[in-house]
Amino acid sequence: MLALIDYGAGNLRSVENALRAAGASDVEVTADPDTVRRADRIVLPGVGAFGAAMNALAGLDGMVDALNERVVTQAAPFLGICVGMQLMANAGEEMGIYPGLGWIGGTVRLMPDRPGLKVPHMGWNDVTPTVGHPMLVPGEAYFLHSYAFDVDDPAERLAETDHGGTVTAAVGRANMLGVQFHPEKSQAYGLALLARFLEWRP
Amino acid sequence: MTVRVRVIPCLDVANGRVVKGVNFVDLADAGDPVEQARLYDAAGADELCFLDITASHEGRGTILDVVARTASVCFMPLTVGGGVRSVEDARALLLAGADKVAVNSAAVARPALVGDMAERFGAQCVVGAIDARQVAPGRWEIFTHGGRKPTGIDAVAHAQDLAARGAGELLVTSMDRDGTRDGYDLALTRAISDAVPVPVIASGGVGHLDHLVDGVVEGHASAVLAASIFHFGQHSVAEAHAALARAGLPVRH
């Protein structure tokens with residue numbers, strides 16, 4: 001069973017639809033920590049501001065503990081999407097400074113304000129893997145974000161894109177993967193990534 | 001490369017049916033917005049826009065069903081606009097599966113709505129839609145009621161206000177050009193695009209592919225919206241991408 005965490009993220013239904021289209025037969029949309037403890041795989045979606053998202057996640061009684069137990073301790077395959085990926089960081093600086101899950105060392109910061117550079121970074125852009133990773137292939141995906149993940153350890157920065165300089169497109173280690181782009185909105189490229197996640201045995 | 005120029009077909013929907021859209025004989029139900037969305041998904045459109053022009057209050061719920069059915073079969077970004085008056089209206093569309101919600105007249109009457117939506121759902125899903133007409137050389141005003149009613153509000157100042165309040169993107173339609181096929185109002189598009197940090201979608205007046213290129217090169221838009229050149233089979237999304245690529249602009253492969 002794949003647990004899709006429901007903590008009020010607006011793109012929940014899109015992610016569920018895409019997971020099913022990618023071949024997932026047993027998706028449970030859940031806000032229940034015990035369901036997360038039983039899950040074979042976990043997907044954390046997300047849109048909106050970092051702090052609001054972390055507060056909403058932490059507001060589900062026992063959920064952060066269940067995620068730590070199942071993902072960090074027991075190494076269940078995990079996929080974070082957009083803000084769900086950003087929450088893997090130590091901290092986020094959107095509308096105040098908030099702690100994240102602290103799984104991937106780094107901070108989520110506002111993209112630089114440069115003349116002619118449009119923020120939010122919105123639209124299709126490259127996903128360029130920086131290290132070999134079975135989940136990530138080069139391609140084009142849909143991005144929609146104003147804040148970006150500054151990763152401490154280059155080995156945990158798995159892919160990048162370009163928007164006024166290099167921007168983190170994917171992070172991860174071991175059984176954890178986070179993607180800044182939206183696979184559920186990236187047509188064939190995104191569905192293929194989700195299909196790989198369903199088969200991933202890290 | 002860098003972020004691609006987005007080509008966005010726009011479908012007008014009333015009471016859950018397409019009133020301005022593709023007239024293809026091979027569609028099982030050409031009036032079904034979902035069928036048309038699937039076509040554009042398959043054709044490689046970068047995003048899709050539904051404009052709900054339902055006049056009656058009773059018919060307004062139909063767009064939610066259209067959005068939900070579209071989101072279950074199309075895995076591309078979907079913007080929905082038309083008749084959004086409140087945070088609750090926006091929330092219903094987002095929960096149904098819209099990725100972005102465009103707000104127009106309500107944000108003229110009450111610009112704070114844009115801030116309320118951005119605070120609740122994030123700036124990335126709030127599109128400020130602006131309908132403007134030229135009133136003097138280099139000056140444009142916001143018009144409402146389908147471009148008939150002047151407001152006296154300066155379009156560039158309104159655009160800056162919406163962006164500052166949290167709109168993550170602006171959809172700029174020239175009511176002078178809309179439906180003319182004479183091309184975008186490039187001076188308007190550029191004046192707004194250069195005045196705000198957020199991406200601008202050029203809209204209103206596309207008659208051929210060069211107009212799309214002009215919207216980006218001269219209008220400084222990040223995305224180009226068009227309706228009739230796609231719906232009537234005059235051009236495909238692939239041809240639009242090819243025209244933009246020939247002009248040296250980054251497009252999706």
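Protein chains get the first letters and strands the later ones, always in sequence-line order, with residue 1 at the start of each. Being a predicted model, the structure only gives us computed values, none of them experimental.
- Chain A forms the most heavy-atom pairs under 4.5 Å with one residue out of B/A163, B/A96, B/C125, and that residue is B/A96.
- The choice from B/A123, B/P250, B/G122, B/G168 that makes the most heavy-atom pairs within less than 4.5 Å of chain A is B/G168.
- The minimum heavy-atom distance between B/V13 and B/F50, with the atom names listed, is CG2-CD2, 4.0 Å.
- The salt bridge (Lys or Arg N to Asp or Glu O under 4.0 Å) analysis of residues 181-198 of chain A, with sequence neighbours excluded, yields the pairs A/K185-B/D99.
- Residue A/L191 touches chain B through its side chain alone, counting heavy-atom pairs closer than 4.5 Å.
- Enclosure of atom CG in A/N55 by more than 12 non-hydrogen atoms of other residues, nucleotides or ligands within 6.0 angstrom is indicated.
- One finds a salt bridge joining B/D161 and B/R165 here, because a Lys/Arg side-chain nitrogen approaches an Asp/Glu carboxylate oxygen to under 4.0 Å.
- Residue-environment remark: CD (A/E160) exceeds the threshold of 12 foreign heavy atoms within 6.0 Å.
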Set out, in order, the CA-CA distance, both residues' side-chain angles and the distance that settles side chain to side chain donor-acceptor pair (under 3.5 Å) for B/Q124 and B/E169, then state yes or no. CA-CA 8 Å; B/Q124 83 292 331; B/E169 181 173 54; over 6 Å; no
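- Heavy atoms of B/V251 lying under 4.5 Å from chain A belong exclusively to its backbone.
- Nearest heavy atoms, B/A247 versus B/V213: CB-CG1, 3.4 Å.
- In this structure A/D113 satisfies the side chain to side chain contact (heavy atoms under 4.5 Å, CB included) test with no other residue, sequence neighbours excluded.
- If you measure heavy-atom distances from A/A52 to chain B, you find no contacts under 4.5 Å at all.
- The parts of B/R252 that come within reach of chain A are both its backbone and its side chain, each placing non-hydrogen atoms under 4.5 angstrom from that chain.
- When B/A223, B/P199, B/S193 are compared by the number of non-hydrogen pairs under 4.5 Å with chain A, B/P199 comes out ahead.
- Interface with chain A: from residues 68-84 of chain B, residues B/A68, B/A71, B/S72, B/C74, B/F75, B/M76, B/P77 qualify, criterion being any non-hydrogen pair under 4.5 Å.
- Contact of A/S186 with chain B is made through the backbone alone, with heavy-atom distances under 4.5 Å.
- Of the atoms belonging to B/A118, not a single heavy atom falls under 4.5 Å from chain A.
- Under the rule for a side chain to side chain donor-acceptor pair (under 3.5 Å), A/R41 has no partner lying at least two apart in sequence or in another chain.
- Between the A/N175 side chain and the A/A76 main chain, a donor and an acceptor come within less than 3.5 Å of each other.
- Between B/R38 and B/D41 there is no salt bridge, since no side-chain N of the basic residue sits under 4.0 Å from a carboxylate O of the acidic one.
- For B/S222, the part lying near chain A is the side chain, with the backbone staying farther off; criterion is any non-hydrogen pair under 4.5 Å.
- Residue B/A90 does not touch chain A at all, counting heavy-atom pairs closer than 4.5 Å.
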